[in-house]
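The shown structure was predicted, so the numbers you read here are calculated from the model rather than taken from an experiment.
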Amino acid sequence: MEKYYLAIDIGATSGRHILAHYNENNELVFEEVYRFLNKINKKDGHLYWDVDLLFKNIVDGLKECSKLNKIPTYIGIDTFGVDYCLLDENDNLVRDIYSYRDYRTDISLVEFEKEMGIDILFAKTGVYPHSFNTLYQLYDDKMKGLLKKTKTIMYYPCYLAYLLTGVKNNEISIASTSGMLSKDTKEYDEDILKILGISKDVFAPTIEARHIIGELSEKIQKEVGFNAIVKQVYCHDTASATIGASTTKEEIFISSGTWSLIGVINDKYLTSKEIYEQGFTNELNSKNEVRFLKNIVGMFIINEIEKEQKERIKITTIVEMAKQGTNYKEIFDPTLHKFLAPVSMENTIKEDFILRNIVPPQNLNELFYCVYNSLAHAYKVAVEDIEKLTKKEYKTIKVFGGGSKNKFLNQLTEEITHKKVVEGPSEATAFGNVFSLID
């Protein structure tokens with residue numbers, strides 16, 4: 001009987017169930033069996049994940065495995081970082097699960113800084129103080145009195161695994177995105193927890209990837225028609241992606257999708273003042289492997305512009321349109337906070353140029369090229385900073401994730417950075433998820 005491994009890989013806009021097994025030649029074969037949209041709900045002026053719909057799709061994907069008679073032995077779930085759930089003493093959600101794109105944390109970041117300076121926080125955690133970090137989300141919960149009702153905190157993919165198994169835990173790579181782990185101990189920093197008014201016991205136990213969480217609950221078994229073991233994977237998608245792309249310490253990586261995450265793999269945290277000033281952060285794969293990277297808003301910009309048009313435009317058409325707009329040479333900075341979740345991405349970009357007394361793109365061709373060109377220039381700045389801050393020269397950039405298939409952007413990146421661009425797997429995150437499932 002063939003042994004199947006199921007990666008449930010959930011991005012900010014979509015998710016997929018990818019089955020893997022070894023064929024007769026002992027080659028690992030991957031097959032997408034189910035794909036679905038991931039949805040943000042807008043309610044009362046805020047952005048929330050539609051967790052009920054998401055979990056229904058997770059279960060429906062398991063049912064699809066049953067229909068195909070390809071029953072997974074092991075299942076792993078990964079998602080984006082920083083988001084989490086609050087559970088009360090009855091294990092019910094204290095509130096809906098916010099999306100990290102919600103702007104409520106702009107206020108809590110300012111308020112938290114009154115209690116602990118950013119320089120002290122960065123020195124403690126090595127995590128750049130982005131407003132969407134778990135820390136500032138939790139501080140907002142504190143200001144609203146929600147933490148007093150909370151018994152358990154779990155990160156989003158760990159909560160989804162809990163819904164499948166009934167077992168609570170958190171995993172180190174996702175916990176490291178929170179902005180609360182000490183860079184020295186890899187435990188929650190007591191000074192930070194004191195400001196939040198919580199103890200470390202409120203967080204579900206932290207475990208490393210490759211550990212077994214538990215079997216499917218009886219309820220889920222009855223619903224999907226089989227039992228399987230849910231295993232903890234590197235459940236932060238960037239951690240899984242760097243592993244799935246076989247990223248080495250001798251190359252710069254770009255995990256290209258909704259975000260463009262550009263960085264290198266290190267053995268230790270880098271936390272100098274200069275590193276903070278250049279906007280870099282440190283995240284963990286394991287306790288002994290650090291991703292040193294910068295967050296750049298990526299394909300989200302293109303996707304949002306496309307959504308604002310009267311008719312849908314295929315990505316292949318967008319690339320062809322961009323090739324017709326190369327006469328427009330001006331760029332904007334895609335690392336700016338204003339591009340996180342604007343009401344209109346197109347208008348926000350144009351306003352950025354107007355504020356700088358620069359004529360903005362005059363049509364969609366120019367606008368799409370402007371985005372790709374701006375991303376490539378942002379990569380160039382990041383590459384130069386990485387080499388300066390790590391005191392190391394890199395010859396290649398490995399691009400993986402959904403954006404890696406964009407050969408036009410890859411070519412621009414190669415031309416502008418003067419580095420050889422190597423195309424990695426587009427499904428790097430799912431591959432890394434599966435690699436963590438294999439015995």
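For F280 and F292, the distance between ring centers is under 6.0 angstrom. Ring centroid separation for the pair F132 and W259 comes in under the 6.0 Å cut-off. Aromatic rings of Y369 and Y328 (six-membered ring for Trp) have centroids beyond the 6.0 Å cut-off, not under it. Ring pair Y103/H46: centre-to-centre distance not below 6.0 Å.
Every residue meeting the side chain to side chain donor-acceptor pair (under 3.5 Å) condition with R95, not counting sequence neighbours, appears here in chain and number order: Y84, D141.
Taking the charged nitrogens against the carboxylate oxygens, E250 and K392 do have a contact shorter than 4.0 Å, which makes a salt bridge. With respect to the salt-bridge test (charged N to carboxylate O, under 4.0 angstrom), the residues R291 and E283 qualify.
Tested against K419 for a salt bridge (charged side-chain N to carboxylate O under 4.0 Å, His left out), the candidates E414, E387, E384 yield a single pass: E387. The ring pair (Phe, Tyr, Trp, His ring centres under 6.0 Å) with F431 is formed by just one residue from the set F30, Y234, Y5; it is F30. A ring pair (Phe, Tyr, Trp, His ring centres under 6.0 Å) with F80 holds for exactly one of W49, F300, Y155; it is W49. Residue Y379 is tested with L409, V399, I397 for a side chain to side chain contact (heavy atoms under 4.5 Å, CB included); the sole match is L409.
Annotation: cation-pi pair K200/Y188 absent, no NZ/CZ under 6.0 Å from the ring centroid and within 45° of its normal.
Ring orientation note: the planes of F122 and Y276 are tilted relative to one another, at an angle of 30° to 60°.
Checked by atom type, the side-chain pair E415/Q411 shows a donor-acceptor distance below 3.5 Å.
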